[in-house]
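Here's the structure, in structure tokens; my notes come after.
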Amino acid sequence: MKGFDNIFQGRSVLACKDFTPAELNYMVNFGLHLKDLKKNNIPHRYLEGKNIALLFEKTSTRTRSAFVVASHDLGANPEYMDSTGTQFGKKESVEDTAKVLGSMFDGIEFRGYKQTTAEGLAEFAGVPVWNGLTDEWHPTQMLADFMTVKEKFGHLKGLTLAFVGDGRNNMANSLLVAGTMLGVNVHIVAPAELHPTQEVRDIAESFAKQTGAKFLITDDIAEGVKGANVIYTDVWVSMGESNWEERVHLLRPYQVNMDLMKMTGTPDDDLIFMHCLPAFHDTNTTYGQEIFEKYGLKDMEVTDEVFRSKYAWQFTEAENRMHSIKAMMAVTLGNLYIPASAVNGCTGGCGCSCKD
Ligand code: CP
Ligand code: NVA
């Protein structure tokens, strides 16, 4: 063994597609392992003394909190920076910002608009860059989401996840690709105007061929949710967008309610509801109140009834953001012993889900 043997060390996490299915699966499993350690008060300070920059162009509750708590648990020091408090974007380019932050910090989280910004930071920083959400992809959410699905069902392969809503946003893109990478059948259920791009479908297609997963893009709700184990939805209008009128009109029929949950035909024990959050499930938010006044809708993408039902797993999912982000930071920055054989050479006896 040389200085270290870790196939993740020093790598950025910009999108799931940049990893192999086995590598993605490894990170999901490592998140479950670190959750176990935390629940049993077993220290795991793999990043002792490291400094982590958290650079946000868009707002966040979960991602920001997860990176902060994960950093502390790993022994690292996080520093939050937003676009109003730095020179980034207005007075300083992506390249120059990356060089400066990379000279002081050991890893950089970035949340913002363009995927090319995350890529630019990764190109010039010289340290791992972790994508905390862009308009196109939300890879750290995928680690938490499939960790949550595995926590509930004990395996991933062969399950069916139906995403109902805006089929072209960062969440739909990410679930379609990460799901097919992990052997989960993914259905995108959305009006034709909001179906995924051909580029994203092509990526999913290439992974589906490798893993045997199947995917379906449809505007037919009954067809799309039939047999689903996971009903997943997201906001109708994502950060950076403002087209409420169009989205309310297009997506109102796609609201996740109890009738839609029943349309799956799946037995209760084999069915869960997930949402990356934040969610519009009542009128207790500024936007929720405005939409109620304008369109008479008390809830948008999911009814309060489903959100508070026995199917709801969105808060376990939110907690898992922390454990999975911790796993990702640890494997890419912690000099852990992770030889390729531990990730790709799995023969199915290790308890992981590669051969499930
Ligand atoms: N799911 C998610 O990314 O939440 P935040 O926007 O609060 O980070
Ligand atoms: N699609 C949503 C996801 C939030 C976690 C957004 O980009 O606003």
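Not measured: the values here are computed from a predicted model. Both ligands and their constituent atoms are indexed starting at 1 by order of listing.
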Numbering as shown, the atoms of ligand 2 that approach M239 to under 4.0 Å (heavy-atom distance):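 Near M239, the atoms of ligand 2 are 6 (C), 7 (O), 8 (O).
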Which of the ligand 2 atoms, numbered from 1, are nearer than 4.0 Å to a heavy atom of L277: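 Checking each atom against L277, I get 5 (C).
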Min N/O separation L277 to ligand 1 under 3.5 Å: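 Yes, since at least one N or O of L277 sits under 3.5 Å from an N or O of ligand 1.
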Polar atom proximity, R64 to ligand 1 (N or O, under 3.5 Å):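 There is no such contact.
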Between [X] and [Y], does any side-chain N to carboxylate O distance fall below 4.0 Å?
{"X": "D73", "Y": "K38", "answer": "yes"}
{"X": "R168", "Y": "E136", "answer": "no"}
{"X": "K58", "Y": "D135", "answer": "yes"}
{"X": "E241", "Y": "R247", "answer": "yes"}

Ligand 1 contacted by L133 (non-hydrogen, < 4.0 Å): no
Min heavy-atom dist K58 to ligand 1 below 4.0 Å: no
Part of N170 with heavy atoms under 4.0 Å of ligand 2, whether side chain, backbone, both or neither: side chain
Shortest reach to atom 6 (O) of ligand 1 by a heavy atom, considering only R62, Q314, R111: R111
With the side chain counted from C-beta on, respond yes when [X] and [Y] share a heavy-atom pair under 4.5 Å apart, and no when they do not.
{"X": "I108", "Y": "W130", "answer": "no"}
{"X": "K35", "Y": "E151", "answer": "yes"}
{"X": "I217", "Y": "R201", "answer": "yes"}

Enumerated ligand 1 atoms positioned under 4.0 Å from heavy atoms of T61: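 Counting from 1, the qualifying ligand atoms are 5 (P), 7 (O), 8 (O).
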For atom 3 (C) of ligand 2, the protein heavy atom that lies nearest, with its residue and separation: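 Scanning the protein heavy atoms, the shortest distance from atom 3 (C) of ligand 2 goes to D234 OD2, 3.6 Å.
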